[in-house]
Visitor: 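Structure in C-alpha cells, see below.
No experiment lies behind these values; they were computed from the predicted model shown. Within every chain, numbering begins at 1; the chains are lettered A, B, ... in the order of the sequence lines, protein sequences first and strands thereafter.
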Amino acid sequence: MGLDCGAIASCRKAIVTMPDSVSAPLAPPRVRFAPSPTGFLHVGSARTFIFNWLYARHNHGTMVLRLDDTDVERNTEASARSIFDGLRWLALDWDEEYKQSERLALHRHQAEAIFAKGLAYRDFTPAHATDDDNSSAQGAWLFNPGMREMSREESDRRAASGEPFALRYRVPRGPDSGVARILHFVDGVYGAQSRPADEVEDFALLRSDGMPTYHLASCVDDADLRISHIIRGQDHLTNTYKHLLIFEALGAAAPQFAHLPLLVAPDGAKLSKRKHGPVVSVTTYRDAGFLPQAFVNFLCLLGWSPKNDREFLTLDELTDLFTLEGVNRSNAVVNFNEELPFDEKAVWLNAEHIRALPVDELSRRLEPFFEQAAFHPTPEKVAAVTPLIRERIKLLRDAVSAADFFFVSELAPYDPAELIPQKGDAAMALRVLETAQQVLAATNFDHDSLDAALRGAAAQLGLKAGQAFQPIRVAVCGRKNAPPLFETLVVLGRDTCLARIRQAEEKLAPLG
RNA sequence: GUCCCCGUCGUCUAGCCCGGCCUAGGACACCGCCCUUUCACGGCGAUAACACGGGUUCAAAUCCCGUCGGGGACGCCA
C-alpha cells in the first residue's frame, strides 16, 4: 500500500505491557476518556470523564486520558489547552496520558494489516463525492458501487499510479457467505444488543490523505492500550457494531461496552455549543463560582442514582457508591433558560457544598472573586467576612454582591427611605442613628458588648429591636438585606461604622 | 428514508428485572406556616407524575402487543 511504517518500531516501545493475565476474572479495569480537541470541555464530556473515573477508582483500575486528535483540520492547540483546563478544575486525576497523533504509524500499520487480510478495500471515489445523496436505491449507501468488487490487480495498479483512495472496511454481507451475520454484544447499561452485519455500511478506516479515521484510530488504540471497558455516550451505541468488526480484524478481544444516556437541553436535543451557548462549557460553571465537587456531584445525579435517596455526596462517597447498574437508560435534561442560566439543582447542591466547606477553605476560594471585583482583599479581611456570608451565597461569585460593603470605601448610593424602620418615620430613624453613634463610640467593639448596648438603647427609645436595628443596618451596609448586625459592625470597625452613620444622617435630614 | 434507544411530578430520580407492602417514595423549584434584628440557614406542611390503547392476571407503574411522542446513529467528524 505504499505506507511509510518506519516509525512503527519506536511507536511500539510505548505500548504498555501488561502481565498476560489469562483474562483473570477480577483483573482491574482499564478505562479511558478520549476527548477530541475541537472546542472547550463540554459538560457531557465532563460527565463521561467523571463516570469513567468513578468506575476506575471504585474498581481500583486505571484511568487513561487520550487526546483523539486525528482530525488535523479541526484540532487546535487552544482547544487542547482549554480541555486540560477544564479537567484540572474538576480535580480528578488520570494515570496514563496519550496523544493519538503520536501513534499514527501504528494506526497505519494496522490498517495495512487489515487490508492484507482482505478485510478492507481501496475506494477511489473522490473525497466529498459522497457527501450528499445516500438515499438512492435502498442499500446502495452501504458501499460505493464498483469499489468493493474491484479486482486486486486493478486496485494495485491504480494505487501505484498515485491515484488517491480511502480504505474501507469490507463489512461481511449475505451475498458473501449466503447467510447474514448477526453482530451482538452485551452493553453494561442497555443490555443485550444485536444487529445484522448487512445493515452496517462499509465505513472508512483511512482517509485519502492517509490519516486514520476515528473508528480505526480509536479501536487500534483501545486494543493496544488494553482498554477493558469503554464507557461513553449513547450516541456511540450503533457505532459499536463497527468497532466490534475492527477489534475482530485486529485479532483483539473486544472490550466491554457501557453507554451512558445523553445529556439534553430543555428543548430535548443533545446539548450543543452552537444551539445552547456557553452553558455547555464547564468553564462557564467554574467562572460563575461552582465548586468542582458540587459540579461533579450534580453531573453524577444526571443519569445515575445511588438508589438510596441521598443527593449530597462527596467524591469519596460517589466513588464508593458508583456502579454501572445504577446508571439508567433515559436521557437527562439539564434545565436552564435565559433567566436561570444554571440548573437550579446544581445551584442548590453548590450552596450545600459551600456550607459544607471549612471556613478557611471557603475563604481561600472566595479571594479570587473579590480580586476580580477590584476589592483588593487581604486574606484577613476575607477570613473575617466569609462566615458572615457563607449561608447567603449559592455561587462563589455571589459573594461579590453579598459582601461589597465590607470592601468599598464609599457606599453605593441608596434610597434614604430605606433608613426608616417599619411603622416609623424619619424622625425616629434620626433618633436611632443619633443614639447609635453615642453607643458605638462608647462601647467595646465585640459582639456581646454591642448586643447588650444596642438592645438596651433600643429599649430606652421604646423601640423593638427590629425597628431600632434597621436604620443602623442600612446606614452601615447601604441596604436592608445583610448579614447579622453585630458581627457586621465588628468586621467593619468603629471608625467606618461611625462615619457611615453620620453620612446616613445627612441623607435623612431633607426627609425630616 | 433505514436502523437503534428511551417514555414515573415542571426538572433530577426511587420503584420495574423477581406483579400485591404504591391511596407511587425522595430531591430541586414554587406556595404557606414556624424560628428570627433584616436577608439567609433550619424546621414543618401543601400542590404536582406512572404517555395512550389493548391484552394476560384475583391483582399491573411493574409482564406482552400496538399507537403516539422524544432522542440518537447512518461522514474520507469525533
Side-chain angles (χ1 to χ4, degrees), chain A residues 34-38 68-71 73-75 123 125-132 134-135 138-139 141-142 164-168 187 190-191 193-196 199-201 203-215 217-218 233-242 259 261-262 264 266-270 298 301-312 328-336 340 343-349 351 355 389-394 402 421-422 451 454-455 458 464-470 472-474 477 479-486:
Chain A
S36 77
T38 55
D68 278 8
D69 54 351
T70 53
D71 184 347
E73 305 226 331
R74 303 197 310 155
N75 294 333
D123 182 349
T125 309
H128 307 300
T130 53
D131 277 3
D132 39 44
N134 277 336
S135 53
Q138 69 267 64
W141 57 273
L142 288 172
F165 60 87
L167 190 70
R168 279 183 190 283
D187 190 271
Y190 288 89
Q193 304 289 316
S194 66
R195 183 178 201 183
E199 291 175 5
V200 179
E201 68 279 11
F203 54 94
L205 260 19
L206 245 31
R207 303 181 172 95
S208 49
D209 63 2
M211 289 292 283
T213 61
Y214 158 73
H215 297 302
S218 174
Q234 195 240 46
D235 46 353
H236 282 296
L237 193 60
T238 48
N239 281 334
T240 305
Y241 299 103
K242 295 171 195 162
H259 290 86
L262 263 22
V264 300
D267 66 6
K270 186 164 73 159
F298 170 66
L301 261 18
L302 258 23
W304 173 82
S305 162
K307 302 188 191 298
N308 60 4
D309 284 345
R310 292 194 54 201
E311 306 208 289
F312 176 91
N328 63 38
R329 282 169 281 275
S330 45
N331 293 168
V333 175
V334 178
N335 221 348
F336 62 86
L340 287 327
D343 191 305
E344 293 179 277
K345 192 144 195 172
V347 173
W348 168 74
L349 272 171
R355 281 177 237 130
I389 60 170
R390 77 170 188 155
E391 282 177 352
R392 272 159 267 265
I393 59 174
K394 291 174 190 279
Q422 289 289 15
D451 187 328
L454 287 169
R455 275 184 206 282
K464 289 199 216 165
Q467 282 180 303
F469 295 167
Q470 158 135 338
I472 305 174
R473 176 180 297 111
V474 174
C477 300
R479 71 172 92 108
K480 282 182 184 171
N481 300 340
L485 185 58
F486 311 130

Visitor: Taking all non-hydrogen atoms of both residues into account, name the closest pair between A:L349 and A:E311 and its distance.
Guide: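 The pair with the smallest heavy-atom distance is CD2-O, 3.9 Å.
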Visitor: Please classify the nucleic acid contact of A:S305 as base, sugar-phosphate, or nothing, using heavy-atom distances under 4.0 Å.
Guide: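 It contacts sugar-phosphate atoms only.
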Visitor: What integer number of Å spans the P atoms of B:G66 and B:G15?
Guide: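 Those two atoms are separated by 26 Å.
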Visitor: By nearest atom, which of the nucleotides B:C12, B:C28, B:U37 is closest to the A:E344 side chain?
Guide: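 So the nucleotide nearest the side chain must be B:C28.
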Visitor: Among B:C39, B:U13, B:G72, which nucleotide sits nearest the side chain of A:L262?
Guide: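 Of B:C39, B:U13, B:G72, B:G72 is nearest to the side chain of A:L262.
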Visitor: Nearest whole angstrom, please: distance from the P of B:C41 to the CG of A:N481.
Guide: 12 Å
Visitor: What nucleic acid atoms does A:N328 come within less than 4.0 Å of, heavy atoms only: base, sugar-phosphate, or nothing?
Guide: sugar-phosphate
Visitor: How close or far is atom P of B:C5 from atom NE2 of A:H259, stated in whole angstroms?
Guide: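 Answer to the nearest Å: 13 Å.
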Visitor: Can you find a donor-acceptor N/O pair under 3.5 angstrom joining the side chain of A:N331 to the base of B:G71?
Guide: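 A donor-acceptor contact between them is absent.
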Visitor: I'd like to know if A:K480 reaches the base of B:C39 with its side chain such that a donor and an acceptor end up less than 3.5 angstrom apart.
Guide: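 Donor-acceptor pair under 3.5 Å: no.
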Visitor: The side chain of A:A127 is closest to which nucleotide in this list: B:C6, B:G25, B:C76?
Guide: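 Per side-chain heavy atoms of A:A127, the pick is B:C76.
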Visitor: Does the base of B:G26 carry an N or O that pairs as donor and acceptor with the side chain of A:E311 under 3.5 Å?
Guide: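 Yes, the side chain and the base share a sub-3.5 Å donor-acceptor pair.
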Visitor: Which nucleotide in the list B:C76, B:G72, B:C41 gets nearest to the side chain of A:A166?
Guide: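 The listed nucleotide nearest to A:A166's side chain is B:C76.
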Visitor: Would you say that A:T213 contacts A:F203 through its side chain, given a criterion of any heavy-atom pair below 4.5 Å between the two side chains?
Guide: no
Visitor: Rounded to the nearest Å, what distance is computed from the NZ atom of residue A:K394 to the C1' atom of nucleotide B:C41?
Guide: 10 Å
Visitor: Check whether the side chain of A:T238 and the base of B:C4 form a donor-acceptor pair under 3.5 Å.
Guide: no
Visitor: With heavy atoms under 4.0 Å as the rule, sort A:R479 into base, sugar-phosphate or nothing.
Guide: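 A:R479: no heavy atom of the nucleic acid under 4.0 Å.
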Visitor: Taking atom P of B:C76 as reference, at what distance in whole Å does atom CG of A:D71 sit?
Guide: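 Roughly 12 Å, once rounded to whole Å.
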Visitor: Looking for any heavy atom pair under 4.0 Å, which part of the strands does A:P35 touch: base, sugar-phosphate only, or nothing?
Guide: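 If one applies the 4.0 Å heavy-atom cut-off, A:P35 turns out to touch nothing in the nucleic acid.
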Visitor: Closest heavy-atom contact between A:D235 and A:L262?
Guide: N-CD1, 3.7 Å
Visitor: Given B:U11, B:C5, B:C76, identify the nucleotide with an atom nearest to the side chain of A:R168.
Guide: B:C76
Visitor: Less than 3.5 Å between a donor and an acceptor, one on the side chain of A:R195 and one on the base of B:C3, is that the case here?
Guide: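 Counting by modelled atom types and ignoring angles, no donor-acceptor contact under 3.5 Å is found here.
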Visitor: When you match A:R455 and A:R310 each to their closest nucleotide on RNA chain B, which lands nearer the 5' end?
Guide: A:R310
Visitor: Mind checking who B:A73 pairs with, Watson-Crick or G-U wobble, both distances under 3.5 Å?
Guide: B:U2
Visitor: What's the closest nucleotide to the A:H215 side chain, out of B:C6, B:C5, B:A78?
Guide: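 The answer is B:A78.
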Visitor: Using atom C1' of each nucleotide, how far apart are B:A51 and B:C68 to the nearest Å?
Guide: 8 Å
Visitor: For A:K242, is there an ion pair with A:E201 - N to carboxylate O distance below 4.0 angstrom?
Guide: yes
Visitor: Nearest to the side chain of A:S330, which nucleotide is it out of B:C6, B:C41, B:U11?
Guide: B:C6
Visitor: Is a donor-acceptor contact shorter than 3.5 angstrom present between the side chain of A:K307 and the base of B:A14?
Guide: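 Under the 3.5 Å cut-off, the side chain and the base do not form any donor-acceptor pair.
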